[in-house]
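One structure below.
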Amino acid sequence: MKRRLIIDCDPGADDAVLILMALAVPQTFDVLGITTVAGNAPIEWTNKNALKLVELAKRTDVKVFGGCRRPMLRKPIYAAYAHGETGIDGSSMPEPKTSLQSRHAVDFIIETLLHSSQKVTLSVSGPMTNIALALIKEPGIAEHIEEIIFMGGSTNGGNITPAAEFNFYVDPHAAHVVVSSGLPMKMIGLNVTHQLVTSEHRLEILQRMGNEVGRQVAGMLAHGVEHDRVRFGLEGRSVHDACIAAYMLRPELFTFKKMRVLVDHAGEATMGASITNEYPAHINDQWLSVADSIQADQVFDLIIDLMRTYKD
Ligand code: RIB
Ligand code: CA
């Protein structure tokens with residue numbers, strides 16, 4: 001049976017790879033819709049980028065719903081330092097011909113879940129604002145959620161601050177609402193996603209694979225290589241969000257640990273930090289499956305294999 005999927009994202013180059021991976025295998029994923037949120041770039045850009053990507057994938061059957069343009073409480077911040085002003089600098093896709101759906105992402109998520117005859121997986125690869133608001137507005141959606149698989153947090157320190165990962169830092173209040181919800185959840189944090197990185201060779205394979213998807217992905221990912229190299233000492237650019245799609249397609253390439261996760265939504269230096277440990281506690285026993293290892297080479301091979309399936 002196909003996995004019913006809603007992709008909530010802030011495209012973003014690595015979100016773009018996640019989207020293109022999921023749209024490449026319609027025999028595996030019934031993508032019910034893509035919902036966007038402000039994060040890597042303002043909502044105007046993440047909306048436009050999502051529309052460009054479904055057109056690049058020739059999958060305009062998948063509709064795009066614009067979501068929250070700012071976090072629940074905090075002022076918006078963006079990641080132009082990594083993704084560029086547009087969110088997908090380095091790409092050269094034409095202006096989208098299709099338009100956003102009129103329904104807000106939060107309403108689309110609620111209505112789709114409430115009316116789905118089969119439980120739905122939520123792929124969450126940006127700040128969790130849409131998901132948190134959907135859970136607050138209509139708690140009844142919880143029983144229609146198969147699981148939430150998200151890229152966010154970390155078990156070993158942050159990226160935008162020493163303590164916090166970007167998605168959690170942008171909207172720590174939303175992250176707290178979702179992470180403490182008790183829903184079945186898989187957290188894929190920086191401790192794993194920083195191992196999935198580009199190399200010159202991998203970018204060359206994408207660039208030369210003979211289709212527009214490969215060329216666009218190579219361009220987007222190449223844009224942020226220097227940032228990740230200088231800032232994090234990585235060999236190349238991390239393709240964080242691709243881990244969500246890779247896990248759904250090849251779960252054996254990951255291991256997970258059952259951990260308690262708390263999100264700091266009140267601190268100063270630690271705002272947005274994900275506090276994790278493996279031991280039971282007396283308060284707030286929320287357990288998540290937290291990604292602990294990745295077979296990164298095989299995951300990148302999967303990315304390349306899926307991008308190769310696209311035909312111009
Ligand atoms: O910290 C990395 C995460 O923040 C990724 O999802 C990236 O796309 C940005 O949203
Ligand atoms: Ca993202």
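Atoms within each ligand, like the ligands themselves, are counted from 1 in listed order.
A side-chain donor from one of Glu55 and Thr98 sits under 3.5 Å from a side-chain acceptor of the other. Using modelled atom types, one finds a donor on one side chain and an acceptor on the other under 3.5 Å when comparing Asp15 with Ser125. A donor atom on one side chain and an acceptor atom on the other are found under 3.5 Å apart for Asp89 and Thr86.
Inter-residue side-chain proximity for Asp171 and Arg74 is flagged as unmet; no heavy-atom pair is nearer than 4.5 Å.
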Would you mind writing out the side-chain donor-acceptor pairs for residues 32-39 within the sub-3.5 Å range, not counting sequence neighbours?
{"residue": "Thr35", "atom": "OG1", "partner": "Asp8", "partner atom": "OD1", "Å": "2.6"}
{"residue": "Thr36", "atom": "OG1", "partner": "Asn47", "partner atom": "OD1", "Å": "2.4"}
{"residue": "Thr36", "atom": "OG1", "partner": "Gly67", "partner atom": "N", "Å": "3.4"}

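Note on Val62: it clusters hydrophobically with Ile88, by side-chain heavy-atom contacts below 4.5 Å among ILVMFWY residues.
His240 and His194 have tilted rings, their planes meeting at an angle from 30° to 60° on a 0 to 90° scale.
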Between ligand 1 and the protein, give all atom pairs where both partners are nitrogen or oxygen and the distance is under 3.5 Å, as lines of names plus distance to 0.1 Å.
{"residue": "ligand 1", "atom": "1 (O)", "partner": "Asn159", "partner atom": "ND2", "Å": "2.8"}
{"residue": "ligand 1", "atom": "1 (O)", "partner": "Glu165", "partner atom": "OE2", "Å": "2.6"}
{"residue": "ligand 1", "atom": "4 (O)", "partner": "Asn167", "partner atom": "OD1", "Å": "3.2"}
{"residue": "ligand 1", "atom": "6 (O)", "partner": "Ser125", "partner atom": "O", "Å": "2.9"}
{"residue": "ligand 1", "atom": "6 (O)", "partner": "Asn167", "partner atom": "ND2", "Å": "3.1"}
{"residue": "ligand 1", "atom": "6 (O)", "partner": "Asp241", "partner atom": "OD1", "Å": "2.6"}
{"residue": "ligand 1", "atom": "6 (O)", "partner": "Asp241", "partner atom": "OD2", "Å": "3.0"}
{"residue": "ligand 1", "atom": "8 (O)", "partner": "Asp14", "partner atom": "OD1", "Å": "2.7"}
{"residue": "ligand 1", "atom": "8 (O)", "partner": "Asp14", "partner atom": "OD2", "Å": "3.0"}
{"residue": "ligand 1", "atom": "8 (O)", "partner": "Asp15", "partner atom": "OD1", "Å": "3.0"}
{"residue": "ligand 1", "atom": "8 (O)", "partner": "Asn40", "partner atom": "ND2", "Å": "2.9"}
{"residue": "ligand 1", "atom": "8 (O)", "partner": "Asp241", "partner atom": "OD2", "Å": "3.1"}
{"residue": "ligand 1", "atom": "10 (O)", "partner": "Asp10", "partner atom": "OD1", "Å": "3.2"}
{"residue": "ligand 1", "atom": "10 (O)", "partner": "Asp10", "partner atom": "OD2", "Å": "3.0"}
{"residue": "ligand 1", "atom": "10 (O)", "partner": "Asn40", "partner atom": "OD1", "Å": "3.4"}
{"residue": "ligand 1", "atom": "10 (O)", "partner": "Asn40", "partner atom": "ND2", "Å": "3.3"}
{"residue": "ligand 1", "atom": "10 (O)", "partner": "Asn167", "partner atom": "OD1", "Å": "2.9"}

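Annotation: salt bridge (Lys or Arg N to Asp or Glu O under 4.0 Å) contacts involving residues 226-237, sequence neighbours excluded, comprise Glu200-Arg229, Glu226-Arg229.
Aromatic pair Phe168/His265: centroids not less than 6.0 angstrom apart.
Among protein atoms, those of element N, O or S found less than 3.0 Å away from the Ca ion (ligand 2) are Asp10 OD1, Asp15 OD1, Asp15 OD2, Ser125 O, Asp241 OD2.
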